[in-house]
Asker: 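Got a structure here, written out as structure tokens. Questions coming.
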Amino acid sequence: MVSTLTCYQVAAIFTFAATTFISVGYAAAEYQNSEAHALLKWKTSLDNQSQASLSSWTSNSSFCMWQGIVCDESNSVSSINVSNLGLKGNIPKEIGELRNLKYLLLSSNRFYGSIPSTIGELTNLVELDLSLNSLSGTIPSITNLRNLEKLWLFNNSLSGNIPEELGKLYALTTIRLLNNNLFGPIPSSIGDLVNLTNLQLSNNSLSGSIPPTLGNLTKLVNLSMAQNRLSGSIPISIGNLVNLERLSISQNNIFGPIPSTFGNLTKLNFLLLYMNNLNGSLPEEMNNLTNFQNLQLSNNGFTGPLPQQVCLGGSLRKFTAENNYFTGPVPRSLKNCSSLFRLKLEHNLLSGNISDYFGVYPNLDYIDLSRNNFYGHLSPNWAKCSSLTSLRIANNKLSGGIPPELGQAPKLKVLHLFSNHLRGKIPRELGNLTSLFELSISNNELSGNIPTEIGSLLSLRRLELAANNLTGPIPKQVGALLNLFHLNLSKNEFKGNIPFELGQLQHLLDLDLSRNLLNGQIPATLGKLQMLERLNLSHNNLSGITPSGFKDMISLTHVGISDNQLEGPLPNNEAFLKAPFDALKNNKGLCGNVSGLAVCPEMMSHNPRGLKKKHVLRLALSLTLSGLLLIVIVVGVSLRICCQRAVRKTEKQAKEEKIKNLFSIWSYDGKVVYGNIIEATDDFDDKYLIGEGGSGVVYKAKLHTGQVVAVKKLHATFDGEMLNLKAFKSEVQALTTIKHRNIVKLFGFCSHPHSSFLVYEFLEGGSLDQVLNNDTHAIMFDWDRRVNVVKGVANALYHLHHGCSPPIVHRDISSKNVLLDLEYEAHVSDFGTAKILNPDSQNFTSFAGTFGYAAPELAYTMEVNEKCDVFSFGVLCLEIIMGKHPGDLISSLFSSSSATSEASNLLLKDVLDQRIPHPVMPIVKEVILVAKIAFGCLSQGPLSRPTMEQVHKEFVMPSSSKSIVDSFPSITLGQLL
């Protein structure tokens, strides 16, 4: 029986409920106030610029309406997303007060300091993204984050170990810790995270072995551990990762064989194992892996056959297995692999008939099969590979002839067929390869004449036909190959004279005509080859005297003229005078002050009549000098008194002029320059050191005149000689002919047995890379200043390429070689690798520059022209507006189509330097222009890049439309390409 409630009881119950509801409401309100307080306190801890970016965070509005803040149904903060706002400061410990927080997304900002331990109190957290900041210290304890699914801490400066307790966060699906300074082992507890699909640990300093427990992660799709210090073998359990699509363990110290369980990884499309110590045969089970897009096995110790089904799925683009000990045939699936873009199998023991292995590849850009044991004939089908730029099949056992059809390969730049058994004639059709940079077919059994059509290869840099059975004369058309830097026709049966037209090859570095049947005299025109370093004419039948013009060949270092019929004195050239006797022996009558050669007779040394004339001359000269001396004494006494006053009057003026023109008297072996610099730097004491590069070290020196200068002292070898005399001469030659406000001023130079150095104006702003790498300086480096620096470098290059005669190519444009003054005006420096061009021809040289800035064509050619600087300028432009080197962005935009599509969709505003506010009108227009010009300069083909004259005009008369400026927030990189 239910008792009836009295009125008093009902009233009491109602009162209790109301009181409870009100107290809960007050508690909720108090908690929400504490959240708002924590967020506002965080805002005030940030710098002024960051606070401006969070202008909506005020006490005048509900925090649920603030930028980047999302609240749940109870009006409590559930999400903070302030990524890409350029915020700078610490992550405060008060973040732990936001107990209902599920998403904390702070990526791509400038947060520094350590990650607060209070983050471990956010028990509802689902995503934690602190990537792309400057956070340091260790990863704090996050044991309580049992709901965490995504942990993104990549691209910071975190150190210490990966916490073992990470393995207790069973909800985790993604861990991205790459690009930090983490060390120690990979915790075995990570193997407990059975929901993990993405584990990225690359580019740290992790050590120890790969834990076998990783084999428990059967849902894993991406596993990356590259560029660490891991050792040991690959665990068998990795074969359990049946859903794995990407596996990268490259650049470690992993050894041993690949486990047979790899055959289970049938979804694998990226397998990167290069640069380890792996060995043994690849398991036969790897033939189960047919979906490869990228397979890289290079630089290990693998033996046995290659996997045969690598392209069965039809998607393989890149396959590299060079520098191993692979044997047997080429994978049969490669024959119809139309997707293939790059194939590198050189330096192995592969064998078989090459005619059976390869087909037609419309996308193939590069193939290298050199240093193997392939035999058979070259297929005409190589000419049908319409994208092919490099065909390298040297050091094999190929026979037959060179197919004339190769002359139809439209883009071929490098053809290496040397050290085979090729026979027949050199096809005249090769003269159609007008893009060819290197033709190397030495050490074969080729016969007949060199076709005159070879003179059509105007882009050729390297021509090697040595060690064949070629006959006839050397065609004069070779002299039309004005871009040649290496010409080797040795060990053939060429007859006749050396063509005088070879003297037109003004950029030749190496000329070898030795071991032929050449006769006649050495052409005097060869003495005009001012860039020549090596000359070998030995073992011929040359006669006459060595041209006297050889004495002016200052670059010459090695000569060989032995076993000829030469006579007369050696040229007064150090290369000849210091040559070993073997390089000069067996000639008809060479003489000179060289061990093994007869001393040349002095002219008129035994002529009595000549002696009598000498005595008469001496007597006349003696009488004349006596008379002159008497006159000088009389005139000197008369003028002494007059001169004393004039000297006193101008003494002060002369002293000032001496200070003013202190550098004008500096030159090679200048005692003044040497003494002043030694005194100003305390003999190059380290306390004056301000920088160091590949060619020398830089000191700051204050001279006795009060002037401050920068002194670059060139590196020396152990015996005190200058390490790079050529670089020293290049820099002096370039800078003494250039006067431009955006090019660093050279005050003087000195070549001294003890120290060789160059003296420049001192620029207080330091180098551009130092500014960009320092947060404080980078913040002051606003958009107006950045655009001004871009324009300054553009002006300098415009002057070098179009205002100098002949033009000058810098060859090492990079942020370290752009110096700033206190007004942020750019000054291009370091001309040690500069090249003064011949305006009537193309030019060539050995590689120079800084990796990451060098043009891509320098990977396969030694051509140097203005377009090399243009590419480097494009990289520099992006570095200035992004605040960091754009390497990953460039490789993404200009690699595969999928990567290009993804990168093209990036917003411009998201790749700009986030340490400073986004540009606004009017400067935003110029920032967009810089980005657009940069992408134009980065075109892979040199001919597609603009000239610096076009770039200069674009800055003077920009063509950016108003519509693209107005849509700045939504501009993608694809719109600028």
Asker: Determine yes or no for a side-chain-to-main-chain donor-acceptor pair under 3.5 angstrom, with Glu926 supplying the side chain and Ile923 the backbone.
Answerer: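 Side chain of Glu926 to backbone of Ile923: no pair is present.
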
Asker: Taking the basic N atoms (NZ, or NE/NH1/NH2) and the acidic carboxylate oxygens, is any pair closer than 4.0 Å for Asp775 and Arg110?
Answerer: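 Judged by the 4.0 Å cut-off on N to carboxylate O distance, Asp775 and Arg110 do not form a salt bridge.
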
Asker: Any side-chain heavy atom of Leu87 within less than 4.5 Å of one from Ser53?
Answerer: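 A side-chain contact exists here, since the closest heavy-atom pair is under 4.5 Å.
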
Asker: So, does Asn81 use its side chain to make a donor-acceptor pair with the main chain of Ser83 at under 3.5 Å?
Answerer: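 Yes, Asn81 side chain to Ser83 backbone: donor-acceptor pair under 3.5 Å.
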
Asker: Is there a donor-acceptor pair under 3.5 Å between the side chain of Asn817 and the backbone N or O of Asp812?
Answerer: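 Pair found, side chain donor or acceptor close to backbone of Asp812.
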
Asker: Are Val930 and Phe955 close enough that some pair of their side-chain heavy atoms sits under 4.5 Å apart?
Answerer: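 Sidechains of Phe955 and Val930: in contact.
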
Asker: Should the heavy atoms of other residues, nucleotides or ligands under 6.0 Å from NZ of Lys816 be counted, would the total exceed 12?
Answerer: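 Enclosed.
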
Asker: So, do Leu908 and Leu973 sit near enough that their side-chain heavy atoms are less than 4.5 Å apart?
Answerer: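 The answer is yes, as the side chains (C-beta and beyond) meet within the 4.5 Å cut-off.
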
Asker: Compare every heavy atom of Asn156 with every heavy atom of Asn133, then report the nearest pair and how far apart it is.
Answerer: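 Closest approach of Asn133 to Asn156, heavy atoms only: C-OD1, 2.9 Å.
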
Asker: Can you see which heavy atom on Tyr366 is nearest to which on Ser390, and at what distance?
Answerer: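 Looking at all heavy atoms of both residues, the shortest contact is CD1-CB, 3.5 Å.
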
Asker: Does Val828 reach the side chain of Val744, with side-chain heavy atoms less than 4.5 Å apart?
Answerer: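 Val828 does not reach Val744 side chain to side chain.
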
Asker: Go through the steps to decide whether Asp365 and Thr389 satisfy the test side chain to side chain donor-acceptor pair (under 3.5 Å), and finish with yes or no.
Answerer: CA-CA 5 Å; Asp365 172 78; Thr389 62; 3.2 Å; yes

Asker: Are Ile743 and His827 side-chain neighbours, meaning at least one heavy-atom pair lies under 4.5 Å?
Answerer: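 When only atoms from C-beta onward are counted, His827 and Ile743 do not touch, as no gap falls below 4.5 Å.
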
Asker: Please evaluate residues Leu938 and Arg945 with respect to the criterion side-chain contact (heavy atoms from CB on, under 4.5 Å), reporting the C-alpha separation (whole Å), side-chain torsions for both, the decisive distance (0.1 Å), and the verdict.
Answerer: CA-CA 7 Å; Leu938 293 172; Arg945 299 172 202 151; over 6 Å; no

Asker: Mind listing the closest non-hydrogen atom pair of Ala931 and Ile881 along with its distance?
Answerer: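 The pair with the smallest heavy-atom distance is CB-CD1, 3.9 Å.
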
Asker: Report the C-alpha distance between Gln914 and Ser108 in whole Å, list the side-chain angles of each, state the deciding distance to 0.1 Å, and finish with yes or no for side chain to side chain donor-acceptor pair (under 3.5 Å).
Answerer: CA-CA 7 Å; Gln914 303 298 314; Ser108 300; over 6 Å; no

Asker: Among side-chain atoms of Gln227 and Ser202, is any donor-acceptor pair under 3.5 angstrom?
Answerer: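 No, Ser202 and Gln227 have no side-chain donor paired with an acceptor closer than 3.5 Å.
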
Asker: Can you check whether Val709's main-chain N or O pairs, donor with acceptor, with Lys700's side chain at less than 3.5 Å?
Answerer: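 No, Lys700 side chain to Val709 backbone: no donor-acceptor pair under 3.5 Å.
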
Asker: Is the backbone of Leu46 close enough, under 3.5 Å, to the side chain of Gln51 for a donor and an acceptor to pair up by distance?
Answerer: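 Yes, the answer is positive, given that a donor and an acceptor are paired below the 3.5 Å cut-off.
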
Asker: Once you round to the nearest 0.5 Å, how far does NE2 of His486 lie from CG of Leu509?
Answerer: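 One finds 9.5 Å between NE2 of His486 and CG of Leu509.
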
Asker: How long is the straight-line distance from CE of Met948 back to NZ of Lys953, given to the nearest 0.5 Å?
Answerer: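 One gets 13.0 Å once the value is rounded to the nearest 0.5 Å.
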
Asker: Looking only at non-hydrogen atoms, find the nearest pair between Ala934 and Cys877 and report the distance.
Answerer: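 Answer, listing the atom of Ala934 first, then Cys877: CB-CB, 3.7 Å.
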
Asker: About how many Å separate CG of Leu800 and CD of Glu866, when rounded to the nearest 0.5 Å?
Answerer: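 So the gap between those two atoms works out to 10.0 Å.
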
Asker: About how many Å separate OG1 of Thr972 and CG of Leu976, when rounded to the nearest 0.5 Å?
Answerer: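 Here the interatomic distance stands at 7.0 Å.
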
Asker: Do Glu954 and Ile933 have side chains that get closer than 4.5 Å, going by heavy atoms?
Answerer: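 With C-beta onward as the side chain, the pair touches.
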
Asker: Taking Ser131 for its side chain and Trp152 for its backbone only, find out whether a donor-acceptor pair lies under 3.5 Å.
Answerer: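 Flag not set: sc Ser131 to bb Trp152 has no pair under 3.5 Å.
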
Asker: Between Asp913 and Arg786, is there a side-chain N and carboxylate O pair less than 4.0 Å apart?
Answerer: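 Salt bridge: yes.
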
Asker: Any idea which heavy atoms bring Ala794 and Val951 closest together, and the distance?
Answerer: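 For Ala794 and Val951, the tightest heavy-atom pair comes out as CB-CG1, 4.3 Å.
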
Asker: With distance as the sole test, does Asn179 use its side chain to make a donor-acceptor pair with the main-chain N or O of Phe154 at under 3.5 Å?
Answerer: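 Absent.
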
Asker: Begin with the C-alpha distance, continue with both residues' side-chain angles, and end with the deciding distance and a verdict on side-chain contact (heavy atoms from CB on, under 4.5 Å) for Leu820 and Leu763.
Answerer: CA-CA 6 Å; Leu820 305 178; Leu763 295 163; over 6 Å; no

Asker: Give a yes or no on whether the backbone of Val771 and the side-chain of Asn774 come within a donor-acceptor separation of less than 3.5 Å.
Answerer: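 Checked: no pair found.
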
Asker: Salt bridge check: are Arg785 and Glu823 linked by an N-O gap of less than 4.0 Å?
Answerer: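 Looking at Glu823 together with Arg785, the answer is no, because their closest N to O distance does not fall below 4.0 Å.
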
Asker: Is Glu825 salt-bridged to Arg741, cutoff N-O under 4.0 Å?
Answerer: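 Yes.
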
Asker: Just by distance, do the side chain of Asp869 and the backbone of His810 share a donor-acceptor pair under 3.5 Å?
Answerer: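 At least one qualifying donor-acceptor pair exists.
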
Asker: Would you confirm whether Asn795, through its side chain, and Lys791, through its main-chain N or O, come within 3.5 Å as a donor-acceptor pair?
Answerer: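 A pair under 3.5 Å: yes.
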
Asker: When rounded to the nearest 0.5 angstrom, what distance separates NZ in Lys88 from CZ in Phe111?
Answerer: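 One finds 12.0 Å between NZ of Lys88 and CZ of Phe111.
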
Asker: Looking at every heavy atom in both Tyr824 and Asn788, which two are closest together, and how far apart are they?
Answerer: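 So the two residues come closest at O-ND2, 3.8 Å.
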
Asker: Is it the case that atom CD in Glu764 sees more than 12 heavy atoms from other parts of the structure closer than 6.0 Å?
Answerer: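 It does: Glu764 CD has more than 12 such atoms within range.
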
Asker: Would you check if Val793 and Asn742 make a side-chain contact, meaning some heavy-atom pair closer than 4.5 Å?
Answerer: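 SC-SC contact between Val793 and Asn742 ruled out.
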
Asker: May I have the step-by-step check of side-chain contact (heavy atoms from CB on, under 4.5 Å) for Phe485 and Leu505, ending in yes or no?
Answerer: CA-CA 8 Å; Phe485 73 89; Leu505 306 179; over 6 Å; no

Asker: Of all residues at least two apart in sequence or in a different chain, which pass the salt bridge (Lys or Arg N to Asp or Glu O under 4.0 Å) check with Glu761?
Answerer: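 Expected list: none.
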
Asker: Look at the aromatic rings of Tyr853 and His885 and report parallel, tilted or perpendicular, splitting at 30° and 60°.
Answerer: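 If you compare the ring of Tyr853 with that of His885, the planes turn out perpendicular.
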
Asker: Calculate, to the nearest 0.5 Å, the distance between atoms CG and OG belonging to Asn84 and Ser107 respectively.
Answerer: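 One finds 5.5 Å between CG of Asn84 and OG of Ser107.
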
Asker: With heavy-atom distances below 4.5 Å as the criterion, would you say the side chains of Phe437 and Leu460 are in contact?
Answerer: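 Of all side-chain heavy-atom pairs linking Leu460 with Phe437, none is under 4.5 Å.
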
Asker: As a quick check of understanding, evaluate side-chain contact (heavy atoms from CB on, under 4.5 Å) for Val698 and Val711, giving each step before the final call.
Answerer: CA-CA 5 Å; Val698 182; Val711 182; over 6 Å; no

